[in-house]
Amino acid sequence: MKVLKPILLTTIIMAVLAGGIIFFLNRSEGPAKELNERILEDQRDESEERAYRFDIGKTAVRLATGGEEKNVLNFDSKNVYQVATSNSARERLDRLIKRMSASFEEPIIAANPFGTNANSFYFYFETKYRGMVRYTVTVEDESIPDLVRYVNNGQENNLSKVHEFTISGLVPGMTNYIVMEVLDSTGAKREGITYSYDAPACQAAVKLDIDKGRSKDISTLGLYFVMPKGDEKIYAYDNSGILRNITNTEGAHGSRFYQNGDSVFYQVTDTKVARVSAIGRVLGVAEIKGYGPILDFSYDGYGNVYALVKKKGRDYLVSGSLQSGNTRQVYAFPKGVSPASISEPAGGNLYVAAAKPDGIIKIKALTSNTPKVAFVLGKKSKWKKTPLKKKVTQDKLVSTWETGQAILNLQSSSDGTNDTLSAYVAEKGKGTAKEFQIQGKNKSVQEKKSFPVGEGGVCSSQFYDGHTIIANYSKGTYAEYDKEGKVTKQFSLGRAADGIVKHSLNGMCFYAN
């Protein structure tokens, strides 16, 4: 019995310690979990809670770009999409940061210093403690929900003493109040200040017409980036159909808008694609030289933009380097074969949705001296008069698709061997959103999702965070569907579009763990 007492006592002590550790871990996980849930809920742009109060203007600091009250720096807005211009603006900001001791109370503020996003403000300040910034944009109009964003600072648990970011989300034509707060690790407010800014009006619709569907699901996080036909700007609308950002171009926006890591990619002219950072800085520009306008483009993640172009009536796949500025011919499509769109490259390969004949083409070894067609999936009888007839594998699924207007997207990749793609295709005249895996070894297709909605005209589909987004470019409408095929909301632009896509910008501009 004497021997058992020490053992028993040790067991009790260990149990108490273990219980204490478990309690501590559970307690520490509590606020973190609660904060993450709050962040997700806050950033959906559909909350009925509003920061606006009738007396908010009495204490708000007006953002003034001129006059005696000027507290905002102005920058040159010429030649915006030249890297040298952005570098010059960056150097000026760095000199100010080095010279000034910017604090939360007295930050460095600049109006759209890189010229890429209208109605945006750059902020820089430092705090003596590690925290995260949350800002809320609110207006007097009760029909416009607040926009809430948690700034991504790239540090562990999103906590930092250095805070550099760009505020966007201001509603054109209205007095916007920006409630800025610094939070601690639990999400508790440490400091706060409110700014006001009278945002200039714009020609685009500030509120879109919305039809609420029968879905009980809430919308996914993100903004819809809309490229209207006949308009050179790119507009970002939130889940409530409110205009939240205007991206300037040099004359043409194309039809694509990509997020890749900490940057976005979009066209700024018929022949140029820009890479832009979270604060709006132009990091690189790829210009496609010696060919016609870009018909479609994608990015490989390694500094190369791939584009479909024409020259003297023939179709080509070319690449443009963000580093060197050189243009390289990758593949010349043979006579009788016309591409409709391309996917993002994966594992040195790239897929092409064919407009003539219908089918999917895989081009391999993109960076080699002689990229080639690996195989074609489609109906053999349609390809028998083309030089690629020996490359065709008749897949039961793809042979029924009409891909002439398909907009191809890469969903995920397995080293470029088994790749998951998506596209909106027609089957016997009826439109269907498809997510499918191309199995490279046996040259076959396995359908993962099929979402028939019957929309006609030029349409796109995007499988996004468990939902499906169908955009009808011809009509200028887009809708988000839940897993059961019910509409959460449908939006109408009131005009045709060249492109519509949804991105969260998380991990780039915003934070959502």
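All residue numbers in this chain count up from 1 along the given sequence. Please read all numbers here as calculations on a predicted model, not as lab measurements.
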Establish, for the pair Arg92 and Phe75, whether the NZ or CZ atom is under 6.0 angstrom from the six-membered ring centre and no further than 45 degrees off its axis. yes

For Tyr306 and Glu344, what are the C-alpha separation, side-chain angles and deciding distance, and is it a side chain to side chain donor-acceptor pair (under 3.5 Å)? CA-CA 8 Å; Tyr306 286 84; Glu344 301 95 306; over 6 Å; no

Walk me through whether Glu126 and Lys161 qualify under side-chain contact (heavy atoms from CB on, under 4.5 Å). CA-CA 5 Å; Glu126 297 179 14; Lys161 292 183 179 181; 5.7 Å; no

Write down the atom of Val458, the atom of Gln405, and the distance for their closest heavy-atom approach. CG2-NE2, 3.6 Å

For salt bridge (charged side-chain N to carboxylate O under 4.0 Å, His left out), just list the numbers for Asp231 and Arg495, CA-CA rounded to whole Å, side-chain angles, deciding distance to a tenth of an Å, and then say yes or no. CA-CA 10 Å; Asp231 191 325; Arg495 52 179 171 165; 3.3 Å; yes

Go through Glu480 and Tyr224 one step at a time and tell me if the side-chain contact (heavy atoms from CB on, under 4.5 Å) criterion holds. CA-CA 11 Å; Glu480 185 167 328; Tyr224 292 95; 2.5 Å; yes

Got a donor-acceptor contact below 3.5 angstrom from the Arg53 side chain to the Arg50 backbone? yes

Measure the CD1-CD1 distance between Ile210 and Ile242 for me, rounded to the nearest 0.5 Å. 6.5 Å

What I'd like to find out is whether the side chain of Ser298 reaches to under 4.5 Å of the side chain of Ser343, using heavy atoms alone. no

State whether the side chain of Ser504 and the backbone N or O of Gly222 hold a donor-acceptor pair below 3.5 Å, judged by distance alone. no

Can you name the one residue among Val137, Asp198, Ile167, Leu63 that meets side-chain contact (heavy atoms from CB on, under 4.5 Å) with Asn176? Val137

Beyond-backbone contact of Asp262 with Asn152, side-chain heavy atoms, under 4.5 angstrom: no

Contact between Asn506 and Leu221 at the side-chain level, heavy atoms closer than 4.5 Å - yes or no? yes

Does the pair Glu49 and Arg38 meet the rule for a salt bridge (charged side-chain N to carboxylate O under 4.0 Å, His left out), with working shown? CA-CA 13 Å; Glu49 294 184 12; Arg38 191 201 314 171; over 6 Å; no

Would the number of heavy atoms belonging to other residues, nucleotides or ligands and lying under 6.0 Å from NZ of Lys483 be above 12? no

Interatomic spacing from CD1 in Ile500 to OG in Ser255 - rounded to 0.5 Å: 11.5 Å

Quick one: does any side-chain atom of Tyr511 pair with a main-chain N or O of Asn153 as donor and acceptor, under 3.5 Å? no

Minimum heavy-atom separation for Ser319 and Ile288, please, with both atom names. C-CD1, 4.2 Å

Looking at Tyr266 versus Phe257, is the centre-to-centre ring distance below 6.0 Å? yes

Ignoring hydrogens and geometry, is there a side-chain-to-backbone donor-acceptor pair from Arg244 to Asp238 under 3.5 Å? no

Counting only heavy atoms not in Gln329 (residues, nucleotides, ligands), do more than 12 fall under 6.0 Å from its CD? yes

Between Ser277 (side chain) and Arg281 (backbone), is there a donor-acceptor pair under 3.5 Å? yes

Determine, using ring centers only, whether Phe121 and Tyr195 are less than 6.0 Å apart. no

What verdict does the side chain to side chain donor-acceptor pair (under 3.5 Å) test give for Lys489 and Ser219, after you've listed the backbone C-alpha separation in whole Å, the side-chain angles of each residue and the deciding distance to 0.1 Å? CA-CA 8 Å; Lys489 289 180 180 179; Ser219 301; 5.0 Å; no

Can Asp482 and Ser215 be counted as having a side-chain donor-acceptor contact under 3.5 angstrom? yes

Counting C-beta onward and ignoring hydrogens, is there a side-chain heavy-atom pair between Met180 and Val133 closer than 4.5 Å? yes

If we only count heavy atoms from C-beta on, is the Leu505 to Gln259 side-chain gap below 4.5 Å? yes

Please check if atom CD in Gln323 has more than 12 non-hydrogen atoms from other residues, nucleotides or ligands closer than 6.0 Å. yes

Heavy-atom donor-acceptor pair, Asn74 side chain to Thr65 backbone, under 3.5 Å: yes

Validation row: Asn513, Ile39 side chains within 4.5 angstrom (heavy atoms): no

Please check if the side chain of Ser120 supplies one atom and the backbone of Thr166 the other of a donor-acceptor pair under 3.5 Å. no

Here the gap from Ile469 atom CD1 to His467 atom NE2, rounded to the nearest 0.5 Å, amounts to 9.0 Å

Assert yes or no for the condition that the ring centre distance of Phe491 to Tyr237 is strictly below 6.0 Å. no

Rounded to the nearest 0.5 Å, how far does OG1 of Thr220 lie from CD of Gln462? 8.0 Å

Checking Thr85 side chain against Val80 main chain: does a donor-acceptor pair fall under 3.5 Å? no

Test item: Thr269 and Tyr81 side chains (from C-beta on) under 4.5 Å apart, heavy atoms: no

Can you name the one residue among Asp296, Asp270, Asp315 that meets salt bridge (Lys or Arg N to Asp or Glu O under 4.0 Å) with Lys310? Asp315

Intermediate values then yes/no, salt bridge (charged side-chain N to carboxylate O under 4.0 Å, His left out), Lys98 and Asp94: CA-CA 6 Å; Lys98 189 175 181 179; Asp94 287 340; over 6 Å; no

Using the rule given for side-chain contact (heavy atoms from CB on, under 4.5 Å), can you reason through Glu455 versus Ser461, listing the C-alpha separation, both sets of side-chain angles and the distance that settles it, and then say yes or no? CA-CA 11 Å; Glu455 289 274 357; Ser461 62; over 6 Å; no

Is a side-chain donor or acceptor of Thr327 paired with a backbone partner of Lys289 at a separation under 3.5 angstrom? yes

Side chain to side chain donor-acceptor pair (under 3.5 Å) assessment of Thr138 paired with Asp146: CA-CA 5 Å; Thr138 188; Asp146 289 354; 2.7 Å; yes

What closest approach, in Å, do Asp300 and Pro345 show between heavy atoms, and which atom pair accounts for it? CB-CG, 3.6 Å

Do Tyr150 and Arg134 pair up side chain to side chain, a donor and an acceptor below 3.5 Å, judged on atom types alone? yes

In this structure, CG of Asn36 is separated from CG of Asn158 (nearest 0.5 Å) by 10.0 Å

Tell me, yes or no, whether the heavy-atom count around Glu105 atom CD, taken from other residues, nucleotides or ligands under 6.0 Å, exceeds 12. yes

For Ala111 against Val72, the heavy-atom pair lying closest together: N-CG1, 3.4 Å

Scan side-chain atoms only and decide if Asp45 and Ser240 contain a donor-acceptor pair under the 3.5 Å cut-off. no

Contact check, side chains of Leu366 and Leu317, non-hydrogen atoms, under 4.5 Å: yes

Verify the ring-centre separation between Tyr258 and Phe297: is it less than 6.0 angstrom? yes

Separation of Ile246 CD1 from Ser168 OG (nearest 0.5 Å): 11.0 Å

Whether the side chain of Asn71 engages the backbone of Ala64 through a donor-acceptor N/O pair (distance < 3.5 Å, no angle test) should be reported. yes

Output, in order, the C-alpha distance, side-chain angles, deciding distance and verdict of side-chain contact (heavy atoms from CB on, under 4.5 Å) for Glu142 and Tyr52. CA-CA 9 Å; Glu142 293 183 357; Tyr52 182 85; over 6 Å; no

